[in-house]
2 protein chains.
Amino acid sequence: MTRVQAGLTREGIVEAALHIVDGQGLRRLTMRRLGDALGVEAMAVYHHFPRGKDQLLDAMIEHVAAPPRPPAEGDWEQRLRTWAQAYRVKLLEHAGALPLLFTRPVPEAVAFPSLEGRLAAFTEAGLDEEAILDAAHALAAYVLGHVILEVQAEAPGQPPTPPPDGRHPHLARLRPRETARTWDGRFTAGLDAVLPTR
Amino acid sequence: MTRVQAGLTREGIVEAALHIVDGQGLRRLTMRRLGDALGVEAMAVYHHFPRGKDQLLDAMIEHVAAPPRPPAEGDWEQRLRTWAQAYRVKLLEHAGALPLLFTRPVPEAVAFPSLEGRLAAFTEAGLDEEAILDAAHALAAYVLGHVILEVQAEAPGQPPTPPPDGRHPHLARLRPRETARTWDGRFTAGLDAVLPTR
DNA sequence: ACCTGAACACCGTTCAAGT
DNA sequence: ACCTGAACACCGTTCAAGT
């Protein structure tokens, strides 16, 4: 009985791992479960990632957290808005893997093309030298932080209890019916503040 | 030989757990290691946290991610700047526990007093109803995201290799000598953008 | 080169038992 | 009420072995 070569690839392994994490969370990502998903013994993964699970997690965050390149067309504001929205969507698609953001660095070679595009856009916006880097940084920080808040709000265990006090008149707006639409609205509203005024 | 009562408290357990996480990272937080740190058998913790490690992690993030209350004195801008800086410092002090931000929600009762203070400040800033919540949200998102970027930059394994290309003239500034000072500077520069202009 | 199978140290959690 | 000790299923990783 000739054995079929499994034909594992680093890419295929990372995809299978992300599929597990997206569906069941980081804690359920196990070398044995990953092996099962790939139709292979857990130890087969070590041949492609000799440093083991650590190296696998590095590859996963590199895949998930790589910021997209800003588009080439449009004025600087359109490009930055499109970029921010695209980055947000990409992060939310792999929300389960995002804790890795705090744990391992995104390699510079992966972050660089995106940064370059943002710098060019802010240059066109007329910011002076010092402010360009700060602005590119602040924009990325805003997107990342907004994703934290979104993921938290969507997390299980957040009970629909009203805030402990009704003192502030604006708090009624805090728990609207259509959550998705609201996060969208908040995101773009925040962008208005983070982007330079023309 | 009379046995000494260990005198465990939920608070004491959370503190010991945070001490381990701050020093060695989340992955090294183990019920048995935690027991050792407390001079107790691992299983003693279950008496104070019946839902086990999950409940312990909930208590930890509740402690770490609770945003401070904005100060009562000063004009709205001073109060918001002070708040943002204080929150940033608090988060950085427990950087090892921050991955939990993506995993479990911060209870509303914990987040509320801080939110209320921010809303009051933005009201004084003259924002209209709709914008007040958006602004309070955007400010928190910026602080959280900035902390992600800071923690990532400080993370091990980030090699001092120069960016792959020198096309953009501003990139020389990306890797300055005094990292700490630079992150401070960037943080306040970003605040200028996130806060409303007077 | 690519994958398996057995083995080891460690993990979270249970349960009955001690005081 | 508070903690221990033994036990169970599961985990990451090693190593020698198979093809």
Side-chain angles (χ1 to χ4, degrees), chain A residues 1-62 96-97 99-100 103-104 156-157, chain B residues 1-62 96-97 99-100 103-104 156-157:
Chain A
M1 203 166 170
T2 47
R3 191 188 300 286
V4 174
Q5 200 74 326
L8 289 189
T9 343
R10 282 176 55 107
E11 280 216 1
I13 294 172
V14 170
E15 271 175 34
L18 279 175
H19 189 255
I20 292 175
V21 169
D22 291 342
Q24 326 188 33
L26 255 188
R27 308 206 47 193
R28 304 261 309 164
L29 176 63
T30 271
M31 298 305 267
R32 301 180 215 247
R33 241 189 293 267
L34 180 55
D36 283 353
L38 292 162
V40 107
E41 222 58 31
M43 293 69 203
V45 174
Y46 285 81
H47 192 264
H48 301 266
F49 293 90
R51 260 177 38 241
K53 197 178 185 183
D54 240 48
Q55 190 179 4
L56 174 61
L57 294 175
D58 281 343
M60 288 171 64
I61 195 58
E62 192 169 322
L100 299 173
T103 288
R104 36 250 308 151
Chain B
M1 202 165 171
T2 47
R3 192 188 297 289
V4 174
Q5 200 75 324
L8 290 188
T9 340
R10 283 177 55 107
E11 281 216 1
I13 295 173
V14 169
E15 269 174 37
L18 279 175
H19 189 254
I20 292 175
V21 169
D22 291 341
Q24 326 189 33
L26 255 187
R27 307 205 47 191
R28 305 261 309 163
L29 175 62
T30 272
M31 297 305 267
R32 299 182 216 247
R33 242 189 293 267
L34 180 56
D36 283 353
L38 291 161
V40 108
E41 221 57 32
M43 293 68 202
V45 175
Y46 286 80
H47 193 264
H48 301 267
F49 294 90
R51 262 177 37 241
K53 197 177 185 181
D54 240 48
Q55 191 179 5
L56 174 62
L57 295 175
D58 282 344
M60 288 170 66
I61 195 60
E62 194 169 321
L100 299 173
T103 286
R104 36 248 311 150

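Letters A, B, ... are given to chains in the order of the sequence lines, protein chains preceding strands, and every chain is numbered from 1. Basis for what follows: all heavy atoms, side chains included, without hydrogens, waters or symmetry-related copies.
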Name each donor-acceptor pair under 3.5 Å that joins a side chain in residues 30-51 of chain B to protein atoms two or more places apart or in another chain, with its distance.
| unit_1 | atom_1 | unit_2 | atom_2 | d |
| --- | --- | --- | --- | --- |
| B/Arg33 | NE | B/Arg28 | O | 2.7 |
| B/Arg51 | NH2 | B/Asp58 | OD2 | 3.0 |

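Rounded to whole Å, atom C1' of C/dC10 lies 13 Å from atom CG of B/Asp36. Here C/dC2 presents its P atom at 5 Å from NE2 of A/His47, a figure rounded to the nearest Å. When rounded to the nearest whole Å, the span between CG of A/Leu8 and C1' of C/dC3 equals 9 Å. Residue A/Glu41 contributes atom CD, which lies 19 Å from atom P of D/dA17 at whole-angstrom precision.
Expressed to the nearest 0.5 Å, how far CG of A/Leu56 lies from CD1 of A/Ile13 amounts to 7.5 Å. Within the model, atoms CZ of B/Arg10 and CD of B/Gln55 stand 5.5 Å from one another, a figure rounded to the nearest 0.5 Å. Distance check, rounded to the nearest 0.5 Å: NE2 of A/His19 to CD of A/Glu15 gives 10.0 Å.
The two residues A/Leu29 and A/Lys53 have their closest heavy-atom pair at O-NZ, 2.8 Å. Here the shortest heavy-atom pairing between A/Ala97 and A/Val21 reads N-CG1, 3.6 Å. Of all non-hydrogen atoms in A/Ala59 and A/Val14, the two that sit nearest each other are CB-CG2, 3.8 Å.
Using a 4.0 Å heavy-atom cutoff across all strands shown, A/Arg28 reaches no nucleic acid atom at all.
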Taking N or O atoms only and anything under 3.5 Å, show me the protein contacts with nucleotides 12-14 of chain C, one pair per line.
| unit_1 | atom_1 | unit_2 | atom_2 | d |
| --- | --- | --- | --- | --- |
| C/dG12 | OP1 | B/Lys53 | NZ | 2.8 |
| C/dG12 | OP2 | B/Met31 | N | 2.9 |
| C/dG12 | N7 | B/Arg32 | NH2 | 2.5 |
| C/dG12 | O6 | B/Arg32 | NH2 | 2.7 |
| C/dT13 | OP2 | B/Tyr46 | OH | 2.9 |
| C/dT13 | OP2 | B/Lys53 | N | 3.0 |
| C/dT13 | O5' | B/Tyr46 | OH | 3.4 |

Practice problem: Would you sketch DNA chain C in dot-bracket for me? Only Watson-Crick or G-U wobble pairs with both distances under 3.5 Å count, crossing pairs as [ ], other-strand pairs as |, the rest as dots. | Solution: ||.|||||...|||||.||

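No more than 12 heavy atoms of other residues, nucleotides or ligands sit less than 6.0 Å from atom CD of A/Glu11.
OP1 or OP2 of C/dC3 lies within a sub-4.0 Å distance of a side-chain N or O belonging to A/His48.
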